[in-house]
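The block underneath contains the structure these notes are about, expressed in structure tokens.
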Amino acid sequence: MTELDLMTKIISLCKRRGFVFQSSEIYGGLKSAYDFGPLGAELKRNIAAEWWRSVVHQREDIVGLDAAIMMHPKVWKASGHLAGFSDPLVDCHNCKERFRADRAPRAAPETNVTYKRRADGKEVTEQVRQAGYVCPQCGSPDLSEERQFNLMFRTSIGPIDTIEAIANELNNKSLNKFELRKKIEALIQESAIYLRPETAQAMFVQFQNVVQAMSPKIPFGIAQQGKAFRNEIVTEKFIFRTCEFEQMEIEYFVEPGTETAWLAYWTANRVAWWRKYMSNPQSIRLRRHEAKELAHYASDCYDVEYLYPWGWDELEGIASRTDYDLKSHSQESSVKLTYFDPQKPDPQSGKMGWRYTPYVIEPSAGLTRAVLVYLLDAYAEEEGVDADGKAKTRVILKLHPRLAPYKAAVFPLVKKDGLPEVARRIVSEFFKSGINARYDEQQSIGKRYARHDEIGTPYCLTIDHQTLEDRTVTIRYRDSTLQDRIKIDDALQTVKNHLEKA
Ligand code: GAP
């Protein structure tokens, strides 16, 4: 299986088995927007739940937040997103492709390149311009100037009729094109708000409220999981980069001077977390950012990278954000976003009690990207033979049992003789315990095993005629295909034990 085959197989499995569908597919689809189907919704929820359990429920020092997607526009002024959250956009004059300059294929300025002219299909040779790149689609160096394209989605709030106001301005013949554009921009800006491009900012903006409500002692963190929106110039690679996605972020507030140690702690913690749920933990690595890659707020940063079919690429960023955000929001809002430690002396005056702006370590992961990563990691094919001795390929999603959409499938061997009733009773025991199980009586047992292997169900329980005689069932393990006969009364506890140990 080549690596690109793997991506094609994952996309096909996602649709066939109900993990991920193209958005609005019956209308031809919306470019690079995806819906999580019945099994994808379960997988995504399970990843988010494991993250929340690990960073909020199993720690004393982190609390959760669930903030609104729409925030005051001043948030984005203070954070720097209004001025600087943009990518360099370029248009190709030849094929009309619109692309990101920083991702375009490089070519030395003034060298000659050959490309196919769209108008007449002829091969032409031209010199690469000073910017030193060509169109990623057709290879032409005949390109527009770069312009900065802000990635935030803008909308408006309140019953303001901006169109009416713009229409009135269009009648104002005294304005030239440039002035008219500025005027319209100002009118739109009056009621403009933005869909958040990251979940992070709410955790800075609500810092004061969280400190007052929870009285945490530094170091402490705020965690949030939810939707974020970016009008990406290039959406790519299935659910790897989309305009609407979900993040799982922590803002961890620390004493100034301790940030290097905490950055080391969080990078190790996060790498271990990702690896815990993987069949191939060596597919995760840590890469430190070079100075030129650092965002305006960061003094240091590491990416947790995964070995995707196209190579190593980002899964989570762990940045040392200094005191940039709390200070910027303090300045913009005139509200003090500081922390008071009564047990530490102020380093300047030497007196007991130190008020300071905390430094921040930010582990920021993509949840929708994590769905792709865990599917890629879990996909396996095994060659074998079927009951008639013919060669066949077994497709397995070796998902970690805690991430698997269904923890157990329960099959009656036949749809009669009271076997379905027994199987349904077992399923309802699972439901009562809060464990997602699936009753399945469609097709042969072999096909049912194959179906559940392909969607990652780790344990299959089969009810047969022997069950009626001695109250035992078979449990089959997905990865090894080994089977055990266990007491029916132990079935739920056996699966629970496996889930706890996993
Ligand atoms: N608060 C910091 C921040 O948002 P980021 O590196 O821009 O940092 C963090 O985003 C993570 O969010 C990325 O590592 C990635 O997993 C995910 N992410 C970012 N943009 C995305 C997109 N367009 N589609 C899917 N996931 C995205």
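Both counts, for ligands and for their atoms, begin at 1 and track the order of listing.
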Identity and distance of the protein heavy atom lying nearest atom 24 (N) of ligand 1
Thr242 N, 3.1 Å

re atom 18 (N) of ligand 1, the protein heavy-atom contact at minimum distance is Phe245 CE1, 3.5 Å

Which atoms of ligand 1 have any heavy atom of Glu362 under 4.0 Å away?
1 (N), 2 (C)

Considering only the protein, which heavy-atom contact is closest to atom 17 (C) of ligand 1, and what is its distance?
Gly366 CA, 3.7 Å

For atom 7 (O) of ligand 1, closest protein heavy-atom neighbour
Arg230 NH1, 2.8 Å

Asp142 and Asn94: side chain donor to acceptor below 3.5 Å
no

Is the ring pair Phe220/Tyr339 parallel, tilted or perpendicular, if the boundaries are 30 and 60 degrees?
tilted

Heavy-atom distances under 4.0 Å decide this one: backbone, side chain, both or neither, for Ser364 against ligand 1?
both

Within 4.0 Å of some non-hydrogen atom of Glu249, the atoms of ligand 1 are 1 (N), 2 (C), 3 (C), 4 (O)

How far is atom 10 (O) of ligand 1 from its nearest protein heavy atom, and which residue and atom is that?
Gln247 NE2, 3.3 Å

Determine whether the aromatic ring centres of Tyr34 and Phe238 lie less than 6.0 Å apart.
yes

Quick one: which ligand 1 atoms are inside 4.0 Å of a heavy atom on Glu316?
14 (O)

Please determine, by modelled atom types, if Asp300 and His289 share a side-chain donor-acceptor pair under 3.5 angstrom.
no

Does the pair Phe85 and His296 meet the rule for a side chain to side chain contact (heavy atoms under 4.5 Å, CB included), with working shown?
CA-CA 10 Å; Phe85 192 55; His296 61 281; over 6 Å; no

For atom 23 (N) of ligand 1, which of the options Glu232, Arg196, Glu236 provides the nearest non-hydrogen atom?
Glu232

Starting from atom 16 (O) of ligand 1, find the nearest protein heavy-atom neighbour and note its residue, name and distance.
Leu315 O, 2.8 Å

Side chains of Tyr306 and Glu316: is there a donor and an acceptor less than 3.5 Å apart?
no

Looking only at heavy atoms, which two atoms of Tyr374 and Leu399 are closest? And how far apart?
O-CD2, 3.8 Å

Considering heavy atoms of the protein only, find what lies nearest to atom 25 (C) of ligand 1 and give residue, atom and distance to 0.1 Å.
Phe240 O, 3.2 Å

Should you measure from each heavy atom of Ala200, which atoms of ligand 1 turn up under 4.0 Å away?
1 (N)

Taking heavy atoms and a distance under 4.0 Å, where does Asp303 meet ligand 1: side chain, backbone, both or neither?
neither

May I ask you to decide if the ring planes of Tyr324 and Tyr297 are parallel, tilted or perpendicular, using 30° and 60° as cut-offs?
tilted

Look at atom NZ of Lys398 and say whether more than 12 heavy atoms of other residues, nucleotides or ligands are closer to it than 6.0 Å.
yes

Going by the 4.0 angstrom heavy-atom rule, the piece of Glu314 near ligand 1 is side chain

Taking distance alone, with no angle check, do Ile239 and ligand 1 share an N/O pair under 3.5 Å?
no

Please indicate whether Lys183 has more than 12 foreign heavy atoms, meaning atoms of other residues, nucleotides or ligands, lying under 6.0 Å from its NZ.
no

Are Glu249 and Ser364 close enough that a side-chain donor and a side-chain acceptor fall under 3.5 Å?
yes

Does ligand 1 have an atom that lies less than 4.0 angstrom from a heavy atom of Arg321?
yes

Has ligand 1 got any nitrogen or oxygen that is less than 3.5 angstrom from a nitrogen or oxygen of Glu198?
yes

